[in-house]
Number of protein chains: 2
Amino acid sequence: MSSANPPPVSPLAPKTQPDLPPVAGVRLATAQAGIRYSGRTDVLYVGLEAGTVPAGVFTRSKCPSAPVDWCREALTSGAARALVVNSGNANAFTGQRGRDAVALTARIAARAAACAETDVFVASTGVIGEPLDAGKFEGVLADCAARAVDSPAAWAEAAQAIMTTDTFPKRATRRAEIDGKAVTINGIAKGAGMIAPDMATMLAFVFTDAALPQPVLQALLAEGADRSFNCVTVDGDTSTSDTLMLFATGKAGNAAIADATDPRLAGFKAALDDLLTELAQLVAKDGEGARKFVTVEVTGAESDRSAHRIAMSIANSPLVKTAVAGEDANWGRVVMAVGKAGEPADRDRLAIWFGDVRVAVSGARDPDYSEDAASAVMREQDIRVRVDLGLGEGRARVWTCDLTKAYIEINGDYRS
Amino acid sequence: MSSANPPPVSPLAPKTQPDLPPVAGVRLATAQAGIRYSGRTDVLYVGLEAGTVPAGVFTRSKCPSAPVDWCREALTSGAARALVVNSGNANAFTGQRGRDAVALTARIAARAAACAETDVFVASTGVIGEPLDAGKFEGVLADCAARAVDSPAAWAEAAQAIMTTDTFPKRATRRAEIDGKAVTINGIAKGAGMIAPDMATMLAFVFTDAALPQPVLQALLAEGADRSFNCVTVDGDTSTSDTLMLFATGKAGNAAIADATDPRLAGFKAALDDLLTELAQLVAKDGEGARKFVTVEVTGAESDRSAHRIAMSIANSPLVKTAVAGEDANWGRVVMAVGKAGEPADRDRLAIWFGDVRVAVSGARDPDYSEDAASAVMREQDIRVRVDLGLGEGRARVWTCDLTKAYIEINGDYRS
């Protein structure tokens, strides 16, 4: 996996990339620390002004990486002054040496940012099991702190530096108002299928100038993650290092709001959810080998939770995903995936659509089924699969991509 | 998916096929009913003498096929006189027409076998969602009943007739003693990855001349299935039609045994488990596109159940399976799969082996790790992955195959 031979950009990549405006209190710089790659940036430093509040959502893996352990602990301090992200090495399953490497990274960054080590957040993405030589950050981070700026170019470079097998950088921006005050939200993400070849990890970092106390920020982020990143899958494989963080500098000077359900946060919440959804969809669109973007909608389930499980069963099914790759309106595989989800479902009430074409209803093929119409839907680049269970009001929507031979090539045909 | 262009036989196919001896009370015949295929047999009829006791284990899918519903109901009668299996159409998700088709099949078979309809068992494998024209069995089954014999050739033809995308027929035989009386167990199976392209289903049928009451037979089969078919996975996709049945004719004349835990059944139980395991492994070895057979062993888990879940998480991981295909000793992906299983695991106690080469220990790469030694293991055709969790006494062993580009080709690149 060298930069000398980059993979072709996903056909699902956005045609244009947004310019990210400044977020007051946030400055960024990137550098080449030579962790694993050569000839490209592999470290991102983000300086955060005093008063910045962090929130985070992390992998549910029982074997989390050392940086994930560190961030969970650091969150308890309630303050953030610096974020360091490296690509090329995940520092996962690296034992005591891994813990030492994170501590050293935090020490170097704390010196650069003139802050406490517990105010430093660290994320790593790349190979699992290789020791990370954090000594390479010595000098690099101090230089980054001196150079850090808030230009659109700096945001663009930040999104680039955290890529591993991603074929395009992922960034998004939104504006909202909190009680009449304008606030900005910027986000960057990386991930080419929850898990990339050796290159574990989905990472996303969101920054806002809104002033919000930590419990509110954490609640908004957790809810937003449930509706965005937790609704995206490429291969069902959960990284040891998945990290989603939100930093709020408070520089917008909006009124203090102590409750995440305060109606004055409605606009901010909608903008945050929207940004998280955009980033999550970009990850699915850069799924390894992806040629089609798939939206799976489940309605009529006994509960939202049940609908989500059924939607994920469909979105993770290799047979559904290969059928999409083959442009095959193979609704029998959707039935199979509903059936295996283990959730309440009644075969005789099921209805299934590809796009707007209903292919099955009441436990059998739709009497008006048109193979031509269904096939035309499958030839599109964006595919919508909808299942109605006819049982209740539960609904869910998740996103994935198709499963192509390129996924196998990327993950199996050669050593990375 | 026509017989004109058969796929190449799996490199994992057994070099020789066993001749199956007669099982007293069992006679078989196959025919071409023209359900979907042309130029090949697609229906198996098995006549069972009066007194035959059935047992069955079926898919856990919430959307089972019409034949699975029928068999579950028919089992309550406690008697079996005929089994009809067709390939080419799964009669799944076919609504009332599907139920009617099974009822008609049973009526035709009952006439042919001169028995009650509730003594007829039916299994179908093939396309989901297409109506099955059971009228095609008219005449065919009566002719089969007249021709049915117990020769090795008839057993071989039986294993052939139930194939869909299988690249080789699957049959096995064992002998055992019950309280001094010799008994025979024959089994046939089909399945090329739990689910074949459109061609859903793993089916297996086992026949013995042992005399065993229904509750004993059912208990032995359920236990055996847990140690064999429930330990095999190709793609994690569960068919709507998975069916494993055991028929005992009682012709061996062994002593009546009323309890499945009776020590006099130890030999029979071992032989049955062994046969079921052989058939289950043959299914994994015919996994779509498979080039390598993989045994995943988990030890040191908190419980056997926990060990089984972790083993299945590893065996179902697309990233582990593509690594095996790529002959890559990528133990980081094994860590990932352990972590995502959601079961108790402590990163710092994990040890991982490929074959006999320990690659990781105590939460980090083995200090004596040899890439050459690990790579040599990965070039073998049979790959053993072992994980020790260091937590307790729970253990499990499951089987799978690698994930290759041929899987994608079979399932996505062309319409079946």
Side-chain angles (χ1 to χ4, degrees), chain A residues 59-64 92-98 127-130 195 198 200 235-240 317-319 322-326 328 330-333 335-345 347-348 350 360 362-365 402-405 407-409 411-415, chain B residues 59-64 92-98 127-130 195 198 200 235-240 317-319 322-326 328 330-333 335-345 347-348 350 360 362-365 402-405 407-409 411-415:
Chain A
T59 179
R60 290 170 189 157
S61 172
K62 301 281 181 177
C63 299
F93 208 65
T94 40
Q96 185 58 46
R97 288 176 70 182
V127 186
I128 292 177
E130 296 282 336
I195 282 269
D198 259 332
D235 48 21
D237 276 346
T238 304
S239 162
T240 54
S317 162
L319 288 171
T322 49
V324 173
D328 183 359
N330 194 322
W331 55 271
R333 295 185 187 174
V335 176
M336 174 282 299
V338 171
K340 79 165 179 163
E343 292 295 314
R347 176 187 55 201
D348 297 343
L350 273 187
S362 302
R365 189 169 63 186
D402 56 348
L403 175 57
T404 69
K405 275 193 279 186
Y407 178 90
I408 311 286
E409 275 166 19
N411 284 298
D413 270 13
Y414 49 83
R415 293 296 297 269
Chain B
T59 179
R60 289 171 188 154
S61 171
K62 301 280 181 179
C63 300
F93 208 64
T94 39
Q96 185 57 46
R97 287 176 72 180
V127 186
I128 293 177
E130 296 282 336
I195 282 269
D198 259 333
D235 49 21
D237 275 346
T238 305
S239 162
T240 54
S317 162
L319 288 170
T322 50
V324 172
D328 183 358
N330 194 322
W331 55 271
R333 296 184 186 174
V335 176
M336 175 281 299
V338 171
K340 78 165 179 164
E343 293 295 314
R347 176 188 55 201
D348 297 343
L350 274 187
S362 303
R365 190 170 63 187
D402 56 347
L403 175 56
T404 69
K405 275 192 279 186
Y407 178 90
I408 310 286
E409 275 166 21
N411 285 297
D413 270 13
Y414 48 85
R415 292 294 298 268

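Residue numbers start from 1 in every chain, and the chains themselves are labelled A, B, ... in the order their sequence lines are given, proteins ahead of strands. Basis for what follows: all heavy atoms, side chains included, without hydrogens, waters or symmetry-related copies.
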Peer 1: Need one label for E343(B): side chain, backbone, both or neither, based on atoms under 4.5 Å from any heavy atom in chain A.
Peer 2: backbone
Peer 1: Short question: side chain of R365(B), backbone of E130(A) - any donor-acceptor pair under 3.5 Å?
Peer 2: no
Peer 1: Yes or no on side chain to side chain contact (heavy atoms under 4.5 Å, CB included) for R333(A) and S317(A), after CA distance, side-chain angles and deciding distance?
Peer 2: CA-CA 8 Å; R333(A) 295 185 187 174; S317(A) 162; 5.5 Å; no
Peer 1: What heavy-atom pair brings L319(B) and T322(B) nearest, and what distance separates the two atoms?
Peer 2: O-OG1, 3.2 Å
Peer 1: Who among G95(A), A341(A), A92(A), A323(A) has the most heavy-atom pairs with chain B under 4.5 Å?
Peer 2: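 Highest number of pairs under 4.5 Å: G95(A).
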Peer 1: Identify the heavy atoms of L350(A) and C63(B) that sit nearest to each other, and give their distance.
Peer 2: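 Result for this residue pair: CD1-SG, 4.0 Å.
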Peer 1: As an exercise: rank G98(B), S362(B), G342(B), A360(B) by heavy-atom pairs under 4.5 Å with chain A and give me the winner.
Peer 2: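 Going by pairs under 4.5 Å, I would pick G342(B).
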